[in-house]
A.B. asks: 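Next up is a structure, given as structure tokens.
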Protein chains: 2
Amino acid sequence: MKKNRKELFFEETLKLVVQKGFKATTLRDIAHKLDFEVANVYNYIDSKESFLEGYLFNTMDEFCGYLNNIVDSSYTPVEKLKFVISKHVQYTIAHPYIVALFIYEWRNLKEPKLTEFKDKRQGYIDTVNTIIKAGIKDGDLREMDDEFATFMVMSSMRWLFSLVTKENVTINPIEIEKQMTDFIFKGIGK
Amino acid sequence: MKKNRKELFFEETLKLVVQKGFKATTLRDIAHKLDFEVANVYNYIDSKESFLEGYLFNTMDEFCGYLNNIVDSSYTPVEKLKFVISKHVQYTIAHPYIVALFIYEWRNLKEPKLTEFKDKRQGYIDTVNTIIKAGIKDGDLREMDDEFATFMVMSSMRWLFSLVTKENVTINPIEIEKQMTDFIFKGIGK
DNA sequence: GTCTATAATTCGATAGAC
DNA sequence: GTCTATCGAATTATAGAC
């Protein structure tokens, strides 16, 4: 896949921002990495803020859209939850730096985008919670606090990006998804 | 427990830094929250950087020291792991904002402190991995990739702070520890 | 401990020539 | 698209009086 200059700019900038943090990454850092002067940054983005917004809301919308399709399907709650896990794992492996941005840098959004982001994220979690609650009610998941269960499922998936961005680690998406699903459903005990 | 001015300063500043991020929190923000002028900040800290260092390394040392005591005990691997989980849960409930700082803001350390921090953290993870590996070998934990298991155990504990800092949530440390342990060992499946 | 004043630097962003 | 030049604002930190 050939990358044009714009794709290269976004890719390198994303990596830099994830590595140093959004606030700590200056436009001069970005310009230096791409080997041009500061003013040229504005050939690609309108502002530093808009760069962050673009990634965060595109990703958010993709996840919310996918989740809605899962919910509107006729799968069982457990099957639906496995689709959710699969989506998280596969997206994280494909775009680990975007996920890192999603986790670390959303706080740098300015109002009203900040509130909009938090609301959408809460909506996503609420929907996953609905699925898990149904799974418990059906007796397919063990009896436990459904909100805590939701919290733990989301938590355990959230850091996978850091495994993917680690060097010298070979990733088999199929195997990772299997192990992630096994951990969430069976834990590490015997 | 009566708080003197220094304790109040550190507590309020910590909350502010966690809420806005280390880089995004200015000394003016801190001064304004404590109702005095910027220069007074330096009555309590030598620099913005030293504030971060203090919290991060004190916490790191406490966790490493405790883990060493666990390792040097005669408990079984599974029992040791439960002590590790207990420590994480209890510390997180007692000091959620410090844990948040630990997770979000370590990247703002400057060299050589940054490398020192990363090395210590990796040492901690390696030691937990040793415990889990022994548990699998003994047959007390199910057969699985021990490194991935370690990664997942650590990941699932890491976000607990966000549950504790949430408003309108009542926390029972004993119950949370039970549910956390159940999730890690049994998952959510039946 | 508190303040005012300010140094020294860095930041995001813009103007305008080529 | 690239550059030089620069603006205005914000930042950490210090000096020194009260």
Side-chain angles (χ1 to χ4, degrees), chain A residues 2-57 97 101 104-114 117, chain B residues 2-57 97 101 104-114 117:
Chain A
K2 190 128 185 295
K3 290 168 203 156
N4 61 30
R5 295 185 65 78
K6 186 165 184 175
E7 285 170 343
L8 189 67
F9 171 86
F10 274 88
E11 222 168 83
E12 293 298 314
T13 301
L14 175 61
K15 281 188 191 176
L16 208 54
V17 165
V18 167
Q19 186 191 1
K20 301 190 62 174
F22 180 75
K23 274 273 181 184
T25 303
T26 67
L27 300 185
R28 283 161 181 81
D29 291 334
I30 296 168
H32 179 259
K33 182 157 187 181
L34 288 157
D35 226 28
F36 52 53
E37 295 304 311
V38 190
N40 292 19
V41 168
Y42 292 92
N43 291 333
Y44 301 98
I45 55 173
D46 292 333
S47 68
K48 202 185 172 190
E49 170 82 3
S50 71
F51 171 83
L52 186 62
E53 277 182 18
Y55 271 120
L56 291 183
F57 283 92
Y97 290 99
L101 199 74
Y104 276 125
E105 308 299 348
W106 59 268
R107 285 177 306 170
N108 293 303
L109 288 171
K110 290 170 189 163
E111 296 291 1
K113 289 290 180 180
L114 179 60
F117 180 85
Chain B
K2 189 128 184 294
K3 288 168 204 159
N4 60 31
R5 294 186 65 80
K6 187 165 183 174
E7 285 170 342
L8 189 66
F9 171 86
F10 274 88
E11 220 168 86
E12 293 298 312
T13 301
L14 176 60
K15 281 188 192 177
L16 207 55
V17 166
V18 167
Q19 186 191 1
K20 300 190 62 172
F22 179 75
K23 275 274 180 184
T25 304
T26 68
L27 301 185
R28 281 166 183 77
D29 292 333
I30 297 168
H32 179 259
K33 182 157 187 179
L34 289 156
D35 225 27
F36 52 52
E37 294 304 311
V38 188
N40 293 19
V41 169
Y42 292 93
N43 292 333
Y44 301 97
I45 55 173
D46 293 333
S47 68
K48 202 184 170 191
E49 170 81 3
S50 71
F51 171 83
L52 186 62
E53 278 182 17
Y55 271 119
L56 292 183
F57 282 94
Y97 291 100
L101 199 74
Y104 275 125
E105 307 299 347
W106 60 267
R107 284 177 305 172
N108 293 301
L109 289 171
K110 290 171 189 163
E111 295 292 2
K113 290 289 180 180
L114 179 62
F117 181 85

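Below, chain A is the first sequence line, B the second, and so on; all start at residue 1. Here the structure is a predicted model, which means the values were calculated and not measured.
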A.B. asks: Considering residues at least two apart in sequence or located in another chain, which fulfil the side-chain hydrogen bond (donor to acceptor under 3.5 Å, both in side chains) criterion with A:Thr25?
C.D. replies: none
A.B. asks: Could you list the residues that satisfy side-chain hydrogen bond (donor to acceptor under 3.5 Å, both in side chains) with B:Glu53, not counting sequence neighbours?
C.D. replies: none
A.B. asks: Suppose we screen for ring-ring contact (aromatic ring centres under 6.0 Å, His included). Which residues come up paired with A:Phe10, at least two apart in sequence or across chains?
C.D. replies: A:Phe51
A.B. asks: For a 4.0 angstrom threshold against heavy atoms of chain B, report the outermost contacting nucleotides of DNA chain C in 5' to 3' order.
C.D. replies: C:dG1 to C:dT4
A.B. asks: Quick one: list whatever passes side-chain hydrogen bond (donor to acceptor under 3.5 Å, both in side chains) with A:Glu49, sequence neighbours left out.
C.D. replies: none
A.B. asks: Quick one: list whatever passes salt bridge (Lys or Arg N to Asp or Glu O under 4.0 Å) with B:Lys48, sequence neighbours left out.
C.D. replies: none
A.B. asks: Any side-chain heavy atom of B:Leu52 within less than 4.5 Å of one from B:Trp106?
C.D. replies: no
A.B. asks: Under 4.0 Å, counting only non-hydrogen atoms across every strand here, what does B:Phe9 touch: a base, just sugar-phosphate, or nothing?
C.D. replies: nothing
A.B. asks: Excluding sequence neighbours, so at least two apart, what forms ring-ring contact (aromatic ring centres under 6.0 Å, His included) with A:Tyr44?
C.D. replies: A:Phe9
A.B. asks: Who passes ring-ring contact (aromatic ring centres under 6.0 Å, His included) against B:Phe22, sequence neighbours left out?
C.D. replies: none
A.B. asks: Got a sec? Which of residues 22-42 of chain A come in under 4.0 Å of DNA chain C, heavy atoms?
C.D. replies: A:Thr25, A:Thr26, A:Leu27, A:Arg28, A:Ala39, A:Tyr42
